[in-house]
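When reading the values below, keep in mind they use all heavy atoms of this one structure, side chains included, and skip hydrogens, waters and symmetry mates.
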Amino acid sequence: MVIKKKYPTFPKGGVHPTAFKDYTANLPVENLPHPHRVCLFLKQHVGAACRVSIPKRKDREPDEALLLGRNPGRIYQKLVTKKDRVRAGDMIGTQDRGLGATLHASICGFVQGVADGLHPMMGKSPAIVITHDPEETPAQYTREDWYSLPRQTLLDRIRLAGIVGLGGAGFPAHAKLDVSPEITLDTLILNGAECEPYLTCDHRIMVENAHEVVEGAKIILRILGIQDCFIGIEANKPEAIESLQKVIDDQSDKNRFRISIKSLAVKYPQGSADQIIQSVTGRVRPSGKRSSSIGVMVQNVYTAKTIYDAVVLNKPFYERVITVSGKGIARPANILVPIGAHLSDIVTWLGGATPDLAKIVVGGPMMGYAVSSLDVPITKTTSGILFLTHDEINTEAHGPCIRCGFCLDACPMGLEPNQVGIWVEAGRGAETAPFGLMDDCFECGSCAFVCPAKRPLVQFIRLARIQIREAEKKKEKQK
Amino acid sequence: MTQTDLIVSVSPHIRQTVTTEAIMWTVVASLMPPLILSVHIFGFQTLIITLVSVAACVATEAISQRLLGRPIRIRDGSAVITGLLLAYVIPPGAPFWMPITGAIMSIFVTKILMGGLGFNIFNPALIGRAFLVATYPVAMTTAWLIPIRDAAIFTHMGRNVDAISAATPLYVLKHEGMAALIDKFGPLKTIYRDFFIGLQPGCIGETSALLILMGGIYLIYKHYITWHIPVSVIASIALLTWIFGGDALFTGNPVLAILSGGVMLGAFFMATDYVTSPIQKNGKLIFGFGIGALTVLIRLKGGYPEGICYAILLMNPLTPTLDQWLKPKRFSEGAK
Amino acid sequence: MPKTTKSNTQLVVSGLLNENPIFRLALSMCPAVGLTTTVMNGLLLGVAVLFVQVFSSCTISLIRNHIHPRIRIPTYTLTIATWVTVIDLLLAAFVPVAYKAMGIFVRLIVAFAIITMRLEVFACKNDLVPSFWDGVGMGLGFLFGMTLLGGVREILGMGSFLGYDLLGFRPLLFFVLPAAGFFTVGFMMAIFNYVETVYNRRKKERMA
Amino acid sequence: MIQKFRSYGLAVSMILVLALFAGCKNEHHTIRQAEFSDSHAITITFASPVDADWAKNPANFAVCEKQDPDILADIASLILTPDGKKLTLKLAEPLNQNNHHTVTLKEILSDGKSGGTADVTVKKSYAGYLIQILIGAMIIQNFVFSKYLGLCVFFGTSRKKSTAVGMGITFTIVICFASLMSWFFYQFVLKPFHLDYLQIVVFIGLVSLTVQGVDTILRKVNPKLFKAFGVYLVLVIANCIVIAVPLMLANNEYNVWESLMLALGAGLGFLIALFLMSSVRERLEFADIPKSYQGLPIAFIVAGLFALSFMGFSGMTLF
């Protein structure tokens, strides 16, 4: 209650789930030993899947070829083929058509070819499988001063490093940073809210890699050509605030960049872009427009850190810190894993699951996806794996809506989840477009969290969206 | 561990602990103090009436859900609340079997037929009461008992129901005037005190403003109901009675108006029923004002001394419209 | 509807049951709700409607070839109004007490949709005899519905039938209140629906 | 269409509620109310009980018409209720209630004290009377929920809100015209020529004519509006309210203003009933209603519940 009054936050809606961050908040990041096998999805992000072949030009290095190669009609050659030997950090997938991100080998070993892997969200989708070769050692990266580099080079390095937004959606970072000249931005917000319960990977990054985060922020500011940056952090992470503050205070170029920390009240979904913009700057994004229309860009703190890695170390994004937590795992941890590592490897390393395990969630408990198998690989956007027991989740059957209005109070976007639920249950989901879920709902799950009847409102909303789209398609066809 | 044991469902994977059942049973609990007082001042038969009413409601719900092949949801406590509220608006001297037909009307006709919990248009308990008033008009309007002030609980179990009866304060006020009220119930100061504590003739659960207020404030504190409806109902009744209730304008007695009759019970426990009241805060205020206005109108100009039961019933069907008109403010509406 | 192929008996039975004007076609609901507090009321209005229906049907059926299609609705209305005036005066003269109890409803027969509807869909396309029997069927159906409703409500509400007390029954006063008419009609309709579904299911089972 | 009414709906309903309270005021501190109780009597209500001996003495009272105070009416008898608060003055001659009367009460004895002499004006507030007719027909004696008329059309068109509002508006317009024409015909044709028994035929004919007239005019003048309301015009004629109102006008010998108020009240009352019912039925479309009850049966039961709650208005007199 005290926290609520003291710190700024978004005014509308929001819920207060128990944080459960104590399990892992104070555990330093540890390394996962190289898994035997990794599985790298060609589509790890918003946009098009990456390609495993590059334009065939012998006289050029692959990097340069990629920079130039948007010309259709070239002869393509496979970037890697079966049985190829790769080192961690080698590019194995390209981004040469539209929105997308490059893909890199995450361990040293042999390419086994392209096979179907089990994606936590999209079900079966194509992936490159690499088996580990213990004889090969990963590349070493050297520090390089980025101040002198031109803007385009910074962007290229970010693009070639295959960085996507690590806040959840996975929007390719270079595309987001390459704003068109018509748009004027004035503020960068680094999102360190990490409002999802259990998850602590961003928190650990802020504690352990404060310098990289701040430097990353500067790189982004430089690319955008602006000076103001706020780092929004929920007030329940004093260590992170402290270590970042220290770095900010110590920096030498305070005049060039104005970076400051905003402590925010603890409230879910503080970490959503719209909400953190409102919490930090008080601005509100108009419906149907990007946040850039109000002069703000939001980047995750972890994205800033990877951008630093890409620009300063020239290190591609092929491994990330995830939080493994919940009562269902023997030893909760913050753990650095190569992308593509399977859940089973991680579970084995952390001493296995407890017998009362009921649900495995990839991502946070509010917006993550439940998986039915341990044979699921980590993707670039996986921020955590939760092993939840029966007393942590709710398995009650849902009852009828009693119109208590709790969900309306909880919805940060001012929607009416109860109505959508009732309409979908009555088989009229296609008529729910006026409730605004197509534009505004980002499925934060606050409504379902508070619902006393335990109604699966997010599921109803997804169904409604599908039905609305189908109805629209039908309409177009009739025309 | 086999992989088929894992539960797969859509996010969110954690839930708040508050459930429909928890809310309903909390309401039941906060409805208990008036019942205890009622047994204390009116005698043991009020408990019997209440038990019969609750049992009839629960049984009706179970039987009708069984017959219609629906899942039986008597454990959610909504039928218990309906039973309690129905008993609370029955005079204490009424025969014990009277709530049974009212319960069938409340639960089967008003709730189950309309699609069960969450879809009823009217407040079930109040429809039950309106039905009972129409069916047993004599018992429902004359079976009042004088509260026994200094008797200990359980000592007057064998009380002769027919022997002692009294008119309710509102009846006296409407038909005989203020002087008669003071003549019967003592000076105004005593009246205020007695009525606030609950020592007045009235329906089983509506006499004590104090105890109902306690229960209601507990519900507000638990965030199960909001202050909007109770406050707007009570404020509008007080205001309109003050303006129009006296011999000339602005001479009415607002305190008496809100302490007597079912105002408190109606405002805190009946009008706030989730299903039959608007979901938006501004809608709740309009709803509450409407109830207050209609209550005063029926009290002053209508055929009944008490009006809040019908006032709530008359406002209930406006709920879908208010919900449709008053939408929550969308996030982006705050954009400049 | 083309010329009917139904026999006279079928016409009457369909009017009584599966095309019952009150429970199946849901026309002329006002008296069914407002006037069925006792059997007697229901019976009398039923007779009045039967009278108007039969005579209007016959009249229209006789003059149907002389009506211009454009003015057929006003013709129906005026025909009905004429016969309503007749029955109104007759009732007022011969059963003044019951007439008073029925109040305005006798005169309102003129606006009952059921009569106009039968004239439009049946009488103006068929000969005198089928029209007569259709009128009888519809009128009887209405009479039957009104009597049934009146009976149910009188028994439940007053514990009596046609004024004779049925002993050992504590009446629910509610059912003689006009508001209860809605409930009674609603429940009767539901019963008709239920019987129909059961009947259809049985029929299907027998076929299969 | 609903959008149009939406913005005004709440404001209008608030004003209506406040309007209901108007006229709750009084003029003398000991005398609470003075009114005509029937054609021969005036009832005076006192705030506190008056002395019975004083009240039984006709010499204490003088009743006259306000414009000529010299002609006193003869008091036939005085009746005091046992609680001493209501005094009825029975007069020998019937009163002309459209004129204001003055009652003079000399030396009122109340609780043994003298309350002085008071002049009380007794009047029938004509505006109040008109509003009573209007509100009475609209809400208190709602044609659908309290008089059970117009049900076929009521159930037929209350499925959707837009239909319901369209029907309600069309109906209100038609019934106002039809009633005024009927009133005119009744007063100036039927009554003078003693053709009372032709009421039904004439009234229904006039209603048909009005419907036809509105149909033709609307089609020419405003085709857009015709498209919106045209379909309901045919239904109006099947609505028994439209014939019930002229019959009531004739029975009660209303004058033209009273007739207009009754017609308007009936129309608006029907609109209100349709609106409430349609909003409820739209919500019930989502409900899991037992199969046999779907459609009309449940609508009837809902209407029954409405009727039950409208019983709260029973016995209400506003002025």
Which side-chain N or O atoms in residues 305-315 of chain B pair as donor and acceptor under 3.5 Å with protein atoms at least two apart or in another chain?
from     : atom 1 : to       : atom 2 : distance (Å)
B:Glu306 : OE1    : B:Arg299 : NE     : 3.0
B:Glu306 : OE1    : B:Arg299 : NH2    : 3.1
B:Glu306 : OE2    : B:Gly262 : N      : 2.5

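Rounded to the nearest 0.5 angstrom, C:Phe174 CZ and B:Leu132 CG are separated by 10.5 Å.
Atom CZ of B:Phe96 is surrounded by 12 or fewer heavy atoms from other residues, nucleotides or ligands within 6.0 Å.
Proximity to chain C at a heavy-atom threshold of 4.5 Å picks out B:Phe108, B:Val109, B:Leu113 from residues 108-126 of chain B, in numerical order. Heavy-atom proximity under 4.5 angstrom to chain B picks out nothing from residues 45-56 of chain C.
Contact record, B:Ala134 with C:Leu173: O-CB, 3.8 Å, taken as the closest heavy-atom pair.
Legend: side chain to side chain donor-acceptor pair (under 3.5 Å) pairs involving residues 133-147 of chain C, not counting sequence neighbours, sorted by first then second residue: C:Arg118-C:Asp134.
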